[in-house]
Amino acid sequence: MNVDAPIDEVTAQVFEIPTDAPEADGTLSWSSTTLVLAEVTAGGRRGIGYTYAGGACGELITGPLAGTLTGHSALDITGRWQAMVRAMRNNGRPGLVSCAVSAVDTALWDLKGKLLDLPVCRLLGMAHDAVPIYGSGGFTTYDERTTRAQLERWVGDWKIPRVKIKIGESWGSDERRDLDRIALSRRVIGPDVELYVDANGGYRRKQAIRVAQAMADHDVTWFEEPVPSDDLAGLREVRDQVSPDVTAGEYGYDLAYFHRMLAAGAVDCLQIDVTRCGGITDWLRAAAVAAAHNVDVSGHCAPNLHAQVASVIPNLRHLEYFHDHHRIEHLLFDGALAPDGGALRPDQDRPGLGLEFRRADAEPYRKA
């Protein structure tokens with residue numbers, strides 16, 4: 001096998017997987033999740049990457065992005081990343097473009113690991129053998145029984161010591177139910193498990209501060225997107241007046257976004273999403289920007305893509321073990337990691353990302 005063989009093929013497929021129940025957060029509801037799979041081949045090996053974004057990413061991957069890759073070495077990922085970004089100049093960097101670049105970039109890292117017979121975490125150099133996680137779901141559409149069952153599974157069956165629920169229901173119009181659900185969650189998980197909440201930008205500034213004060217008796221330590229994440233002054237205002245850590249960053253598509261958020265003093269912990277930010281290549285650079293501001297990083301969703309890269313940064317706090325993505329990744333990929341004990345441990349015996357796509361299982365969800 002020629003480990004430095006040129007890239008010979010770039011493909012993409014789109015899959016739409018229904019949720020297992022109606023889901024909503026403070027500002028959005030949905031009934032399915034779209035996964036766009038990118039595949040890059042060289043030297044007889046195939047690398048895979050994916051993003052949770054609109055199906056239009058597939059056309060970007062097989063069109064302009066593929067044109068920057070074929071014929072070039074699969075080992076020189078930084079150069080290919082730069083070529084992809086430059087090729088997309090007139091399409092704009094944020095949004096679907098960055099998601100498409102992210103899927104291809106992660107596929108390149110997976111391919112490089114397979115060519116060199118090393119897991120990505122060892123290619124990059126590990127800082128942690130295990131990546132702490134928090135259970136994430138608790139959708140506003142859940143009734144008490146469903147919420148209780150999910151929480152009990154996280155803390156009882158999987159021994160996860162930190163959990164998160166959604167609040168800010170209907171753009172913050174039902175504070176009483178938000179507070180009732182926080183109280184329920186604390187009763188279910190007991191006093192020793194950390195409790196997080198995520199408003200998905202559903203509150204106004206002073207409303208978020210009032211809610212934080214009202215939930216103080218339940219020892220909430222993480223308040224995610226209390227106001228819209230683009231309102232940096234608002235995040236800073238809330239952060240200065242509440243006890244829980246204020247967090248945001250999941251909608252970051254480039255380094256400039258993360259720099260602005262950190263320079264504004266808007267967050268106590270920066271969230272970075274490897275399926276949006278530009279892939280593993282820019283996830284690492286965003287984590288370095290956070291380190292320069294003495295801020296921890298939390299990986300947003302896609303736990304089985306994040307586990308490898310999250311294990312290599314010193315300023316890691318944890319990784320979101322999101323209900324939808326946990327379910328999809330175990331449904332469609334061999335090698336998906338178990339959350340037992342509240343951490344993911346990258347499999348160092350499997351090269352690349354440690355994942356293999358199960359095509360037959362995915363076929364019912366493939367979009368034409």
Side-chain angles (χ1 to χ4, degrees), residues 1-15 35-51 57-89 91 97-126 274-275 277-285 302 304-309 311-312 329 332-336 346-360 362-363 366:
M1 179 177 62
N2 180 7
V3 298
D4 200 20
I7 296 167
D8 52 44
E9 187 178 31
V10 180
T11 63
Q13 296 179 73
V14 180
F15 303 90
L35 181 147
V36 182
L37 180 80
E39 298 180 281
V40 182
T41 60
R45 303 303 300 268
R46 181 183 302 270
I48 60 172
Y50 51 91
T51 184
C57 288
E59 297 180 15
L60 296 174
I61 292 168
T62 57
L65 296 185
T68 70
L69 300 178
T70 53
H72 295 276
S73 171
L75 301 184
D76 298 330
I77 298 176
T78 303
R80 291 308 92 214
W81 185 94
Q82 188 68 32
M84 287 192 288
V85 170
R86 287 175 175 172
M88 301 306 292
R89 185 196 69 181
N91 292 302
V97 165
S98 191
C99 291
V101 170
S102 299
V104 176
D105 182 82
T106 53
L108 287 170
W109 281 103
D110 183 49
L111 176 59
K112 184 172 183 175
K114 289 173 177 174
L115 289 169
L116 298 177
D117 197 29
L118 283 173
V120 168
C121 61
R122 297 303 302 276
L123 280 177
L124 297 172
M126 297 181 72
V274 74
T275 74
C277 74
I280 289 174
T281 297
D282 243 20
W283 200 95
L284 291 170
R285 295 195 282 203
N304 285 282
L305 283 189
H306 276 103
Q308 295 275 344
V309 66
S311 71
V312 310
E329 290 167 2
L332 302 184
F333 296 93
D334 285 330
D347 189 341
Q348 298 183 46
D349 293 325
R350 298 174 70 107
L353 296 171
L355 300 172
E356 293 297 334
F357 186 58
R358 296 203 296 265
R359 298 181 190 282
E363 188 59 27
R366 186 163 64 88

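Being a predicted model, the structure only gives us computed values, none of them experimental. Every heavy atom of this structure was used, including side-chain atoms; hydrogens, water molecules and symmetry mates were not.
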With rounding to the nearest 0.5 Å, note down the distance linking [atom1] in [X] to [atom2] in [Y].
X	Y	atom1	atom2	value
Leu118	Gln348	CG	CD	10.0 Å
Leu111	Glu39	CG	CD	11.0 Å
Arg122	Leu124	CZ	CG	11.0 Å
Ile48	Asp110	CD1	CG	5.5 Å
Trp81	Arg86	CH2	CZ	10.0 Å
Lys112	Asp4	NZ	CG	9.5 Å

How close do [X] and [Y] get, counting heavy atoms only, and between which atoms?
X	Y	value
Val312	Gly125	CB-O, 3.3 Å
Glu329	Ala336	O-CB, 3.7 Å
Val274	Ile280	CG2-N, 3.6 Å
Thr106	Gly49	OG1-CA, 3.2 Å
Ala83	Thr68	O-CG2, 3.7 Å
Gly278	Ser98	N-OG, 3.6 Å

Under the side chain to side chain contact (heavy atoms under 4.5 Å, CB included) test, which residues partner Cys57, sequence neighbours left out?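 Partners of Cys57 under the side chain to side chain contact (heavy atoms under 4.5 Å, CB included) test: Val36, Thr51, Ala53, Leu96, Cys99, Ala100.
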Test item: [X] and [Y] side chains (from C-beta on) under 4.5 Å apart, heavy atoms:
X	Y	value
Asp105	Ile77	yes
Thr78	Gln82	no
Leu108	Leu69	yes
Pro346	Cys121	yes
Arg45	Val3	no
Thr275	Leu305	yes

Please state whether the rings of Phe357 and Phe333 are parallel, tilted or perpendicular, taking 30° and 60° as the class boundaries.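 Tilted: the ring planes of Phe357 and Phe333 meet at 30° to 60°.
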For side chain to side chain contact (heavy atoms under 4.5 Å, CB included), just list the numbers for Val309 and Val120, CA-CA rounded to whole Å, side-chain angles, deciding distance to a tenth of an Å, and then say yes or no. CA-CA 7 Å; Val309 66; Val120 168; 5.7 Å; no
Derivation and outcome, side chain to side chain contact (heavy atoms under 4.5 Å, CB included), residues Tyr50 and Leu353: CA-CA 11 Å; Tyr50 51 91; Leu353 296 171; over 6 Å; no
Identify whether the distance between the nearest side-chain nitrogen and carboxylate oxygen of Arg80 and Asp76 falls below 4.0 Å.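 Result for this pair is no, no salt bridge flagged.
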What do the steps show when you test Leu65 against Val10 for side chain to side chain contact (heavy atoms under 4.5 Å, CB included), and what is the final call? CA-CA 9 Å; Leu65 296 185; Val10 180; over 6 Å; no
Thr281 and Met84: CA distance, side-chain angles, deciding distance, side chain to side chain contact (heavy atoms under 4.5 Å, CB included) verdict: CA-CA 12 Å; Thr281 297; Met84 287 192 288; over 6 Å; no
